[in-house]
Chemist: 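Before anything else, here's the structure in question.
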Amino acid sequence: MPELSHRRRMLVLAICCMSLLIVSLDNTALNVALPSMQRELHATTSGLQWAIDAYTLVLASLLMLAGSTADRIGRKRVFMAGLVIFTAGSLLCSLAPNLELLVVFRMVQAVGGSMLNPVAMSIITNTFTDPRERARAIGVWGAVVGISMAAGPLAGGLLVESVGWRSIFWVNLPVGLAALLLTLRFVPESRAPRPRRPDPVGQVLVIALFGSLTYAIIEAPDASLPEVLPFAAVAVAALLALLIYEPRRAEPLIDLRFFHSAPFSGATGIAVSAFAALGGFLFLSTLYLQNVRGLDALHAGLWMLPMAVPTLLCAPLSGRLVGSRGPRLPLLIAGAAMTVSGLLFALFEAETSNVTLFLGYVLFGVGFGFGNAPITNTAVSGMPRAQAGVAAAVASTSRQLGQTLGVAVIGAVLAAGIGSSPYRDTFVSAARPGWWILAACGGAVLVLGLLTSGRWAHRTAERTAERLETVEVRQPVGTSG
């Protein structure tokens, strides 16, 4: 891809951020709409989990395929196809007559969404070749998540109260169309020099692993052991098959050699932990504010601002720190803040007081804001540029898998604690194990950030990059992403 002017690079970044905005805005706004959907569609807690996880599950399953496909046939082409499918899926979701079809249409959305974020990140990585400029661009990218967290609950609450929850999906239509037209005009086409071949067996195994694991977790509170156990067994079998099959391929869907790099492995674990905390936090907060405190969707959205605004403000600061001082300090701040936030709820029932509830939300927003930018930068910085698509796709997959598992696990814990009782009577006690899990996720971010940002970790990244480049030279087809 030819070197672009500074103005053109900024425009490409803005277009890519538009795709992230509609994907992130959709999820945050939909969380505020969950109680309204629960009443209109007569959904159980597990039904609400599927409304969220149907999207993130398919997204996590297809992101790596989308990344490698884009590197093979053209990133711009795949990105535009993703915008079309995501926008069409949004329209279908707004017309869904029942929960079952809403879940199906959310999966359609996710097919398009899988072609957006990792491909957009690959476009950004190949557009911004200077490491410092790339870190700042990724910081802006992370700030869009903060914007969606700030605008999503407010916009979602306003739309739910004035028009209804279906209107949340209408927001995606004009933004998706504008991003499509701008991409056609301004984003240059790019491909990997040696794109990898498809890995259908690996793709099926990933779908089996993620799908069966999520189903077993979500349905565990309401299903018997004989009903859940087969899905858990499928998940274990699929994981073992991946570990055995993928290293035998010259061009695997998941290149396990990436995980020889401590920063890359750490970034993957941090992504899963941080986004599991985010998914669980939003799920618990939405149900508490509306079903326990009795707030309407708009006021519940306003209560999300103490979490959203720090995320918005801290994300670009984190990007600048990563560019100037490396990822360690932002990750330590992120892990500490998220851990303390979870402990406030787990130990002191922070949701029962306005002051502690506000403080808990602020701390979580600070933690998540500082934690998002180092994930992608750490994941791609130690890899050859030709591997950007797959490396970014693995990082994005880890995010979506984490959010899927966060909603599944926290929702299952909540459903088991509440049972058939009203939310108002048992929510605080039923949610306490969930808050402990969220605190543990913050602790994982803290520990992994400390372990994977030192000199030893950087040496493993350098050795991994050297081995990958050596293999590319020896194999003409290569394993680039």
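For this chain, numbers begin at 1 and follow the sequence in order.
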Chemist: Begin from the C-alpha positions of Tyr55 and Met107 and carry the test side chain to side chain contact (heavy atoms under 4.5 Å, CB included) through to its verdict.
Modeler: CA-CA 5 Å; Tyr55 179 84; Met107 292 181 175; over 6 Å; no
Chemist: Please round to the nearest 0.5 Å and tell me the distance separating atom CG of Leu21 and atom CG of Leu116.
Modeler: 12.0 Å
Chemist: Ser273 side chain to Ile270 main-chain N or O, any donor-acceptor pair under 3.5 Å?
Modeler: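 Checked: no pair found.
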Chemist: Pair Glu219, Trp50 - check side chain to side chain donor-acceptor pair (under 3.5 Å), show working.
Modeler: CA-CA 10 Å; Glu219 298 299 327; Trp50 280 118; 2.9 Å; yes
Chemist: Under the 3.5 angstrom rule, does the side chain of Lys76 hit a backbone N or O of Ser190 as a donor-acceptor pair?
Modeler: no
Chemist: Quick check for you: to the nearest 0.5 Å, what is the distance between Gln400 atom CD and Ser61 atom OG?
Modeler: 10.5 Å
Chemist: Test Leu282 against Ile52 for side chain to side chain contact (heavy atoms under 4.5 Å, CB included), laying out the working first.
Modeler: CA-CA 11 Å; Leu282 290 175; Ile52 300 295; over 6 Å; no
Chemist: Let me confirm one number: the CZ-CG distance from Phe169 to Leu30, rounded to the nearest 0.5 Å.
Modeler: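 Between Phe169 CZ and Leu30 CG, I get 4.5 Å after rounding to 0.5 Å.
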Chemist: Please name the pair of heavy atoms, one in Ala412 and one in Pro221, separated by the smallest distance, quoted to 0.1 Å.
Modeler: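 Heavy atoms only, the tightest pair is O-CG, 3.4 Å.
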Chemist: Return the minimal non-hydrogen interatomic distance between Val394 and Phe259, and the atom names on each side.
Modeler: CG1-CZ, 4.3 Å
Chemist: Taking all atoms of both residues into account, what is the closest heavy-atom pair of Gln290 and Val32, and its distance?
Modeler: NE2-O, 2.7 Å
Chemist: Just by distance, do the side chain of Arg8 and the backbone of Phe186 share a donor-acceptor pair under 3.5 Å?
Modeler: yes
Chemist: Any side-chain to backbone donor/acceptor pair from Arg166 onto Ala96? Under 3.5 Å, distance only.
Modeler: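 Judged by distance alone, yes, a pair lies under 3.5 Å.
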Chemist: Please check if the side chain of Arg191 supplies one atom and the backbone of Ile73 the other of a donor-acceptor pair under 3.5 Å.
Modeler: yes
Chemist: Begin with the C-alpha distance, continue with both residues' side-chain angles, and end with the deciding distance and a verdict on side chain to side chain contact (heavy atoms under 4.5 Å, CB included) for Phe258 and Thr268.
Modeler: CA-CA 10 Å; Phe258 284 7; Thr268 302; over 6 Å; no
Chemist: Under 4.5 Å between any side-chain heavy atoms of Thr183 and Leu180, yes or no?
Modeler: no
Chemist: Decide if the gap between the ring center of Trp435 and the ring center of Phe281 is smaller than 6.0 angstrom.
Modeler: yes
Chemist: Under 3.5 Å, is there a donor-acceptor pair between the Arg9 and Thr127 side chains?
Modeler: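 No, Thr127 and Arg9 have no side-chain donor paired with an acceptor closer than 3.5 Å.
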Chemist: Determine the minimum heavy-atom distance between Trp170 and Ser94, stating which atoms define it.
Modeler: NE1-CB, 3.1 Å
Chemist: Rounded to the nearest 0.5 Å, how far does CE of Met10 lie from CD1 of Ile15?
Modeler: 12.0 Å
Chemist: So how far is it from Met115 CE to Ser19 OG, rounded to the nearest 0.5 Å?
Modeler: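 Taking CE in Met115 and OG in Ser19, the distance rounds to 13.0 Å.
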Chemist: Treating Glu133 as the side-chain partner and Phe128 as the backbone partner, does any N or O pair qualify as donor plus acceptor under 3.5 Å?
Modeler: no
Chemist: Go through the steps to decide whether Ser90 and Gln109 satisfy the test side chain to side chain contact (heavy atoms under 4.5 Å, CB included), and finish with yes or no.
Modeler: CA-CA 6 Å; Ser90 298; Gln109 259 193 317; 2.9 Å; yes
Chemist: Where is the tightest heavy-atom contact between Gln403 and Asp53, given as atom of each residue plus distance?
Modeler: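 Looking at all heavy atoms of both residues, the closest pair is O-OD1, 4.0 Å.
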Chemist: Between the main-chain N or O of Asn372 and the side-chain N or O of Arg399, is there a donor-acceptor pair closer than 3.5 Å?
Modeler: yes
Chemist: How close do Met307 and Pro310 get, heavy atom to heavy atom, and via which atoms?
Modeler: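 Taking Met307 first and Pro310 second, the nearest heavy atoms are O-CD, 3.5 Å.
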Chemist: How many angstroms lie between CE in Met37 and CG in Leu99, if you round to the nearest 0.5 Å?
Modeler: 6.5 Å
Chemist: Any side-chain donor-acceptor pair under 3.5 Å between Trp165 and Gln38?
Modeler: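 No, because no side-chain N or O of Trp165 sits under 3.5 Å from a partner of the opposite role on Gln38.
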